[in-house]
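Just so you know, these numbers come straight off a predicted model, no measurement behind them. Letters A, B, ... mirror the listed sequences (proteins, then strands); counts begin at 1.
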Number of protein chains: 2
Amino acid sequence: MGCMARPVRRSGTRQPSKRYHHGDLPRALLHEAVHTIQRDGVEALTLRGVGDRLGVSRTALYRHFTSKQALLASVASEGFRMLRQELDEAWTAAGRGAAGFEAMGRAYVRFAVRHSSHYRVMFGGHLDPSQRQAIADDQRANSRDESDAFGMLVQAIVEQQQQGIVRPDDPQTLALYIWSVVHGVAMLAIDRLLESPREIEELIGFALERMRTGIALPKS
Amino acid sequence: MGCMARPVRRSGTRQPSKRYHHGDLPRALLHEAVHTIQRDGVEALTLRGVGDRLGVSRTALYRHFTSKQALLASVASEGFRMLRQELDEAWTAAGRGAAGFEAMGRAYVRFAVRHSSHYRVMFGGHLDPSQRQAIADDQRANSRDESDAFGMLVQAIVEQQQQGIVRPDDPQTLALYIWSVVHGVAMLAIDRLLESPREIEELIGFALERMRTGIALPKS
DNA sequence: ACCTGAACACCGTTCAAGT
DNA sequence: ACCTGAACACCGTTCAAGT
């Protein structure tokens, strides 16, 4: 363990350190938790385990998280933030509209598959209602236009209604329906009911096509 | 504890007893497990707890189930059996066809809401793959036409394709899509993201309508 | 055949104590 | 300010022993 030159810190710019032992333990704990869940499942996550693997006492975690639940809530919160960002990027990169909407759908399922540990914690019912509410509030407060991932979906629908390519039903209800479809596909995918990536891509493609037909403005 | 007249048992007709202590402990354990999950969630299920509540030692369970996992697998298995039966009844009672299909969709979500503890165990990722496979095999073996709930759905689709009211896509893929929709709605409903029963009924109604439009045979 | 009680190796969490 | 070690009240599971 040689001693390394430490970068000067200006007040308030607290940059992340790569070393956890004396560095950014909260971030390291979060990363290790995600890694463990990804490898062995949520049930296998153990505070003693993450402590050991980080070379730290099994109670060190309590300096940064109030409980195991709080650690899981942080995983979920990080997941929602990443999901929103990836949906946003997909929507914008595809030039919004119908193409952007399809890109969002694909991005959603891809996120669930690639970050299945985050996704499981986000929607697996491991969080109690109060924590879930806290995360949702936090999410809206920290996004520039005060909307979370679901809010983004609603906005995308409204925009397409104005373009005359989506039927003029209640946007909230439409959003719930669409979320049901992609969430269902995502669950099928990450539960390994679907084997290959190709199989998943095929189903999401099919689902988005049928979904689009179902919500399209009927030709007058 | 007075002594009660016990009904005579003919061989092979082993009828369920209301008393667990000397009666049908496996069934009592299963019932108590479901009840506990329904009230406090899967994480709160504890072998010691069910033992206590049944007035039985905490290791008595091991005479009838190999492990806690096996107990959960039994809950799931019972759930799949009930689901298949309720879908079957809905489909038949509504006279099959398009009406029967809609009835199946509603029955599916209603099952998830009413038996949310079963549903959570069935699809919450609490079972490991080997047990899940065993349940699926058992399910097909014990149904008269060798099809589980998913198989029923496929059959219903094929029948509607023959009637010319559903587009001639691959029935398996169509079934996966439809399952995604109802599963997504069910998850939204039981996670209390939807408050009132009316709200749930409205969403499932809307979802089935949009889904039907999406999979209908296009007018030539 | 069915159930018990003690024992074992694990948990999350608290708290006084160390630096 | 941050971390540790012992302690506490819980787990699932095993196994010899009871009836």
Q: With salt bridge (Lys or Arg N to Asp or Glu O under 4.0 Å) as the test, would you mind laying out the steps for Glu201(A) and Arg106(A) before giving the verdict?
A: CA-CA 8 Å; Glu201(A) 284 298 321; Arg106(A) 289 186 181 274; 2.8 Å; yes
Q: Give Leu45(B) one of three labels, base, sugar-phosphate or nothing, depending on what nucleic acid heavy atoms sit under 4.0 Å from its own.
A: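 Leu45(B): backbone/sugar contact only, no base atoms under 4.0 Å.
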Q) Base, sugar-phosphate alone, or nothing: which one does Thr46(A) contact when heavy atoms must sit under 4.0 Å apart? A)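 It contacts sugar-phosphate atoms only.
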Q: On the 0 to 90° scale, with breaks at 30° and 60°, tag the Tyr119(A)-Tyr108(A) ring pair as parallel, tilted or perpendicular.
A: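 Perpendicular: the ring planes of Tyr119(A) and Tyr108(A) meet at over 60°.
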Q: Please work out which of the three classes, parallel, tilted or perpendicular, describes the rings of His118(B) and Phe111(B), given edges at 30° and 60°.
A: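 Rings of Phe111(B) and His118(B): tilted, as their planes differ by 30° to 60°.
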Give the rounded distance in Å between these two atoms: [atom1] of [X] and [atom2] of [N].
| X | N | atom1 | atom2 | result |
| --- | --- | --- | --- | --- |
| Arg27(B) | dC2(C) | CZ | C1' | 18 Å |
| Gln69(B) | dC11(D) | CD | P | 17 Å |
| Leu71(B) | dC11(D) | CG | P | 15 Å |
| Leu29(B) | dG12(D) | CG | P | 13 Å |
| His64(A) | dT4(D) | NE2 | P | 11 Å |
| Leu47(A) | dT14(C) | CG | P | 11 Å |
| Leu61(A) | dC11(C) | CG | P | 14 Å |
| Phe65(A) | dC2(D) | CZ | P | 13 Å |

Among [options], which nucleotide sits nearest the side chain of [X]?
| X | options | value |
| --- | --- | --- |
| Lys68(A) | dT4(D), dT13(D), dT13(C) | dT13(C) |
| Tyr62(A) | dT4(D), dT4(C), dT14(C) | dT14(C) |
| Arg63(B) | dT4(D), dC2(C), dT13(C) | dC2(C) |

Q.
Working note: Trp179(A) + Phe123(A), criterion ring pair (Phe, Tyr, Trp, His ring centres under 6.0 Å); need CA distance, chi angles, decisive distance, verdict.
A. CA-CA 12 Å; Trp179(A) 194 78; Phe123(A) 299 114; 5.2 Å; yes
Q | dG5(C) base / Ser57(B) side chain donor-acceptor hit below 3.5 Å | A |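 Not at all, since no donor on one side and acceptor on the other fall under 3.5 Å apart.
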Q. Quick one: the side chain of Arg48(B) and the base of dG12(D), do they pair up donor-acceptor inside 3.5 Å?
A.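 Result: at least one qualifying N/O pair found.
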**Q.** Complement of dA7(C), any strand, by Watson-Crick or G-U distances under 3.5 angstrom
**A.**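 Across any shown strand, dA7(C) pairs with dT13(D).
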**Q.** Base paired to dG18(C) (Watson-Crick or G-U; both N/O distances under 3.5 angstrom)
**A.**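 Looking at the geometry, dG18(C) pairs with dC2(D).
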Q | Rounded distance [0.5 Å steps], NE2 in His35(A) versus CG in Leu30(A) | A |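 Atom-to-atom, His35(A):NE2 and Leu30(A):CG are 13.5 Å apart.
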